[in-house]
Amino acid sequence: MIVAVAGGKGGVGKSTLAYNVAGALDALVVDAYLAMADLPGGRERGPDLHDVLAGRATPAEAVRPGPVDVLPCGRTLAGARLADVRRLRETVAVDGYEHVVVDSPAGLRVDAGAPLAVADACLLVASATRWALADALAARELARELDCGLAAVALNRVVDDPPVEAVERALGAPTTGIPADERIGRSIAAEEPIGTAAPESAAARAIEELAAAVRRCAVA
Amino acid sequence: MPISLDSGVRTEGGVALVSVRVRNSEPVARRVVVENRLPGSVFPPRRHGVPEPGWSSDGYAGVVDAHGELVLGYACRVDGDGATSEDEKPPRDAPDASDGPNPPNACRTEEPVELVDVSDPSTGEADPLSDALAGLADHRPPPDAVGPAGGQPDPGGAEAEASTAGESGPDGSSPDGSTPDTPTPRESRSAPATPPPGVARYLEEVDGRISRAETLESGSVSEATAELKGGVAPVGLEELVALDARALARIADRAESLAARAEAVDVPTDALERLA
């Protein structure tokens with residue numbers, strides 16, 4: 001199943017969640033931030049998402065195996081300009097993975113819409129503030145417009161009791177509060193998802209809850 | 001016929017304004033594809049400059065609810081000198097005047113639009129990725145940011161970081177056995193063949209000026225008055241359009257010669273790779 005991790009706004013922790021949820025699902029995570037790569041790997045040798053979208057490499061060639069397998073994005077503006085988003089559907093259907101998590105950029109442009117368009121479902125990420133809900137609603141509208149179901153909502157980096165029920169009512173999907181935990185924040189740089197770093201932590205349980213919501217969608 | 005189509009056209013200032021009504025008398029929703037038959041491409045309705053979902057340069061594809069109707073409207077530039085638009089006038093007046101009871105299938109080929117496909121919406125050709133591409137704004141960085149080489153970011157300035165990444169990214173990929181990437185020549189082959197945003201913007205601007213001039217020349221008195229009230233100075237506009245004409249002619253020459261050179265050039269990639 002292809003899952004897009006989306007959210008109307010930048011800086012809410014989409015990439016970190018995408019990486020950790022992919023860890024929990026034993027999935028591949030694709031960095032679809034075409035103009036501003038967010039996951040590591042794009043500076044290393046070898047082809048990346050830009051090359052795949054430009055038809056110069058196969059998706060499997062671009063995958064960097066690791067604790068969580070990553071298909072990184074290139075970091076050049078030239079690569080971003082030449083990437084043909086129409087190839088995204090074939091690109092994310094990488095053989096050998098039951099689930100692929102596509103980390104989508106913020107905003108309402110093609111690079112934000114295309115992952116939603118090719119995904120079977122999406123996870124919306126929002127920070128647990130009242131005003132962030134409006135961004136999440138905008139992202140849900142975009143997902144709905146592009147026929148992408150909403151698997152779950154993550155209220156990220158919560159400290160106090162998050163307004164889970166209110167968000168569930170507003171967005172119409174199971175909602176999970178992800179506790180603020182610096183091990184999640186470090187997970188990408190350390191290449192260690194929270195499920196490995198602290199499997200008993202509340203944050204790891206919350207990530208597992210999101211992964212379970214994705215699995216339920218896949219069964220449905 | 002469970003799906004019926006009514007259409008009407010009004011031509012103003014060389015632009016046909018087409019109204020379409022698709023009715024579904026079936027108890028299930030149907031996906032319909034409606035194509036423009038006027039000579040000229042479709043100018044779909046836009047919101048904040050972005051075409052509404054479902055529209056393409058040929059027409060519209062969308063779903064009509066069970067026992068429902070779909071009301072659409074678009075513009076289409078038909079050349080002002082009238083040869084083609086005259087042909088369209090007779091069928092156009094009838095539906096316009098009689099608001100409904102005209103036979104939908106009687107003279108379909110003469111209608112401004114044609115219903116080309118009716119299908120089940122669940123199995124239809126709905127493609128969200130095409131919808132995203134058609135409906136959302138372009139995400140690509142402007143060509144100026146990429147540098148004159150086309151695939152090679154300009155080293156220095158804001159591009160310094162990207163350029164160092166470029167060295168280890170695409171350039172370094174040959175040793176591991178995958179497709180070697182020399183960015184400049186190969187990338188241009190797979191570049192989407194749409195005009196760069198800067199060029200498209202310029203053409204849109206010029207289009208707007210010429211349209212205003214055409215309205216002043218051949219539009220109705222009320223349209224011309226509206227343009228004048230909108231602050232369009234006829235003399236200034238005439239000069240600007242004359243400049244546009246000269247600039248466009250120069251651009252056309254240059255584009256043609258560049259296209260010819262681009263077609264003719266053949267980079268000896270194999271030889272260069274052996275040399276490297």
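The figures here come from the full heavy-atom set of this structure, side chains too, leaving out hydrogens, waters and symmetry mates. Every chain is numbered from 1, with letters handed out A, B, ... down the list of sequences.
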Show the nearest heavy-atom pair for residues [X] and [Y], with the distance to one decimal.
{"X": "B:H139", "Y": "A:A80", "answer": "NE2-O, 4.3 Å"}
{"X": "A:A114", "Y": "B:L129", "answer": "CB-CD1, 3.7 Å"}
{"X": "A:A117", "Y": "B:A132", "answer": "CB-CB, 4.2 Å"}

Check each atom of [X] against the heavy atoms of chain B and say whether the ones under 4.5 Å are side chain, backbone, both or neither.
{"X": "A:V85", "value": "both"}
{"X": "A:L34", "value": "side chain"}
{"X": "A:L142", "value": "side chain"}

Is the number of heavy atoms from other residues, nucleotides or ligands within 6.0 Å of [atom1] ([X]) greater than 12?
{"X": "A:D26", "atom1": "CG", "result": "no"}
{"X": "A:D95", "atom1": "CG", "result": "no"}
{"X": "A:E98", "atom1": "CD", "result": "no"}
{"X": "A:E145", "atom1": "CD", "result": "no"}

Please examine the side chains of A:D111 and B:L136, heavy atoms only from C-beta on, and report whether any two atoms are closer than 4.5 Å.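 No, every pair of side-chain atoms sits at 4.5 Å or beyond.
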CG on B:L133 to CG on A:D84, rounded to 0.5 Å: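 Going from CG on A:D84 over to CG on B:L133, the span is 8.0 Å.
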